[in-house]
Number of protein chains: 2
Amino acid sequence: MSLNPSKPSRGRPKTLDREHVLDVAMASYWKEDIGNLSLNEICRRCDISKPGLYREFLNEDGLMKAVILKYHQEVLSPVQQMLSADAAFRETLDNLVLFAASINDSQGAPKGCLLIKMREAQMHLGEATRAQIDLIQEQAIATYKKWIERSKAKGEFTADMSAEFAASYIDAQLSHASSQLARGEDPQLVKRILMAALSILK
Amino acid sequence: MSLNPSKPSRGRPKTLDREHVLDVAMASYWKEDIGNLSLNEICRRCDISKPGLYREFLNEDGLMKAVILKYHQEVLSPVQQMLSADAAFRETLDNLVLFAASINDSQGAPKGCLLIKMREAQMHLGEATRAQIDLIQEQAIATYKKWIERSKAKGEFTADMSAEFAASYIDAQLSHASSQLARGEDPQLVKRILMAALSILK
DNA sequence: CTAATTAAATACCAGTCGGTACAATAAGCG
DNA sequence: CGCTTATTGTACCGACTGGTATTTAATTAG
C-alpha cells in the first residue's frame with residue numbers, strides 16, 4: 001500500500017493515514033449536517049489527535065477542500081466521463097437521472113450529492129473550500145454545455161434553447177433532486193419530478 | 001397600539017416589545033445563515049436581555065416557531081388567498097412566478113422564501129419549529145392541489161398528470177427557485193429556469 | 001552512544017453557545 | 001408606608017468550538 005516504499009525519511013515514522021481520515025470525513029460530511037460537524041468530532045471518529053489533523057490539513061478549510069477534491073475524483077469524475085462519451089443523448093440523459101436519483105435506502109447511507117450539499121452550506125465553509133467548489137461547478141456546467149452542443153450537432157437535441165441555458169437548467173434540476181434526497185424526501189417522487197422537469201428537453 | 005388599554009396589571013410594567021423582537025429575528029433569519037445566528041446575537045440586535053427573551057419565547061425553538069408563524073401570517077397568507085381566488089389558471093401561475101422570483105436587489109434585502117430556507121436548515125431547528133414548518137408545508141401542498149383540481153374542472157389545466165403530482169411539482173420548482181435566490185444566483189436566470197420548468201403544465 | 005529530526009498526544013487558550021440563578025426594580029394594593 | 005406581584009438585567013454555568021504551545025516518543029545520521 002505504501003506509495004513510496006524507498007523513503008526511510010529521518011524522523012519519527014508517520015502513523016496518520018491521510019486517506020482513512022478523508023474517507024471518514026467525507027462520509028461524515030455527506031451523511032450529516034456539515035455546519036454541526038466539528039473538527040473535534042472528526043478527530044474522535046478517526047482516532048487521531050487534533051494537532052495531527054492540523055499538521056496534515058493546515059486547518060478546517062484545508063480538510064474540507066481535500067474532502068471535496070476526493071469526492072470529485074472518486075464520484076463526480078465518472079459522471080463527467082460519461083457526459084464526454086459518445087452515447088445517444090437520451091441514453092446519457094437517462095443515465096444522468098439514474099445517477100442523481102440512485103437509491104440506497106440502507107440506514108445511514110449518504111443521500112444526494114456532497115458537492116451540492118456543500119454548495120448549499122456555503123456559509124459554513126472556508127475560502128479555499130468555496131473556491132474549490134466553484135471551480136468544480138464551473139467544470140460541470142461546461143461539461144453539460146459541451147454535451148448539449150454535441151447533441152445539437154448530431155440532431156439529437158432539438159429543444160428550442162441555447163446550450164448555455166440547457167446546461168444551467170439541467171444542473172438546476174439535478175441539484176434540486178439532490179437537495180430533496182438529502183432532506184429525506186421520497187426517492188420515487190423525487191425521480192418523477194426530475195423526469196418531468198427534464199422532459200422539456202425531448 | 002396597546003391591545004388591552006384597561007389592564008393595569010400588578011407587577012413591573014413590561015417593556016419588551018414582542019413584535020419588535022419578532023421583526024428583528026425574522027429579518028435576521030431571513031437574510032443570514034440560520035445555523036450561525038445565535039440567541040445572543042438576536043438579543044444584542046433587539047437590545048434586550050437574554051432572560052427577557054427566554055421569558056417571552058421559552059427557548060430558541062419557541063422564538064423560531066413564533067417567527068415562522070409570523071412569516072406565514074404576513075407573507076404566505078396572501079399567496080394562499082390568491083391561490084384560492086377564482087382567477088384564470090395561467091394568470092394565477094404567472095402571479096406565482098412573480099411572487100417567487102420577485103426581485104429586490106437592495107443590499108441586505110432578504111432573498112427567497114424564509115419557510116423554504118428554514119426547511120433546508122431543518123438540522124438546526126427545534127421540534128416545535130420543525131412541526132410548525134411541516135404543518136404550513138402541508139397546507140401549501142393542499143392549497144396547490146385544490147387549485148389544480150378547480151382548474152382541471154374548469155378545463156384550464158390539461159396536462160396529463162394527477163393534481164397530487166402537479167402540486168408536488170409546483171412546490172418543488174418554487175422551492176428550488178427560492179433556494180437559488182437565497183444562494184445569490186442571478187434572479188433573471190432563476191426566473192427563466194422556473195418558467196421553463198413550469199411550462200410543462202401548459 | 002548522542003544529536004538531530006519528525007510526528008505524536010496532552011493540555012491548554014480565548015471565545016461562543018444555549019440556558020439560568022438571582023438580585024434589583026417598578027408597579028398596584030392595603 | 002410596607003407587601004405582593006411581575007419584569008428587568010447582571011453575572012454566571014458547563015459544554016463545546018477552532019486552533020496552538022509544549023512535551024514526549026520514535027526514528028535516522030554520525
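A, B, ... follow the sequence lines: proteins, then strands. Residue 1 opens every chain. Owing to the predicted nature of the structure, the values given are computational and were not obtained by experimental measurement.
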Point to revise | From CA spacing to verdict: side chain to side chain donor-acceptor pair (under 3.5 Å), B/D171, B/Q137 | key: CA-CA 9 Å; B/D171 182 65; B/Q137 184 66 25; 2.9 Å; yes
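Taking atom CD1 of residue A/I48 and atom P of nucleotide D/dG18, one finds them 13 Å apart after rounding to whole Å. Atom NZ of B/K14 is separated from atom P of D/dT7 by 6 Å (rounded to the nearest Å). In this entry the distance linking CD of A/E56 with C1' of C/dT6 reads 13 Å, nearest Å. What separates CG of B/N40 from C1' of D/dG9 is a distance of 14 Å, to the nearest Å. Put simply, CG on A/L53 is 14 Å from C1' on D/dT20, counting in whole angstrom units. One atom, CD of A/E41, and another, P of D/dG18, lie 10 Å apart when rounded to the nearest Å. Rounded to a whole Å, the CD atom of B/E60 is 12 Å from the P atom of C/dT20. Going from atom CG of A/N36 over to atom P of C/dT16 covers 18 Å, rounded to whole Å.
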Between the protein and nucleotides 11-14 of chain D, are there any N/O to N/O pairs under 3.5 Å, and if so, what are the atom names and distances?
none

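A heavy-atom distance below 4.5 Å is found between the side chains of A/L93 and A/K202.
Rounded to 10 degrees, the angle between the two end axes of the helix from C/dC1-D/dG30 to C/dG30-D/dC1 is 30°, with five pairs used at each end.
The phosphate of C/dC17 (OP1 or OP2) has a side-chain N or O of B/R44 nearer than 4.0 angstrom. The shortest distance between the side-chain N/O atoms of A/T15 and the OP1/OP2 oxygens of C/dA8 is below 4.0 Å.
A salt bridge does not link A/K146 with A/E149: every distance from a Lys NZ or Arg NE/NH1/NH2 to an Asp or Glu carboxylate oxygen is 4.0 Å or more. A salt bridge links B/K70 to B/D23: one of the charged nitrogens lies within less than 4.0 Å of a carboxylate oxygen. Ion pairing of B/E32 with B/R45 is present here, as a side-chain N (NZ or NE/NH1/NH2) and a carboxylate O approach within less than 4.0 Å.
For C/dA7, the base has no donor-acceptor partner in the side chain of A/R55 [N/O atoms by modelled type, under 3.5 angstrom]. For C/dT6, its base never sits under 3.5 Å from the side chain of A/R10 at any donor and acceptor pair.
Toward the 5' end of DNA chain D, the nearer of the two residues A/L58 and B/P13, judged by each one's closest nucleotide, is B/P13. Both B/R12 and B/S38 sit near DNA chain C, but only B/S38 has its closest nucleotide nearer the 5' end.
The aromatic rings of A/H176 and B/H176 lie tilted to each other, with the angle between the two planes from 30° to 60°.
Using a 4.0 Å heavy-atom distance criterion, A/L16 is classed as a sugar-phosphate-only contact.
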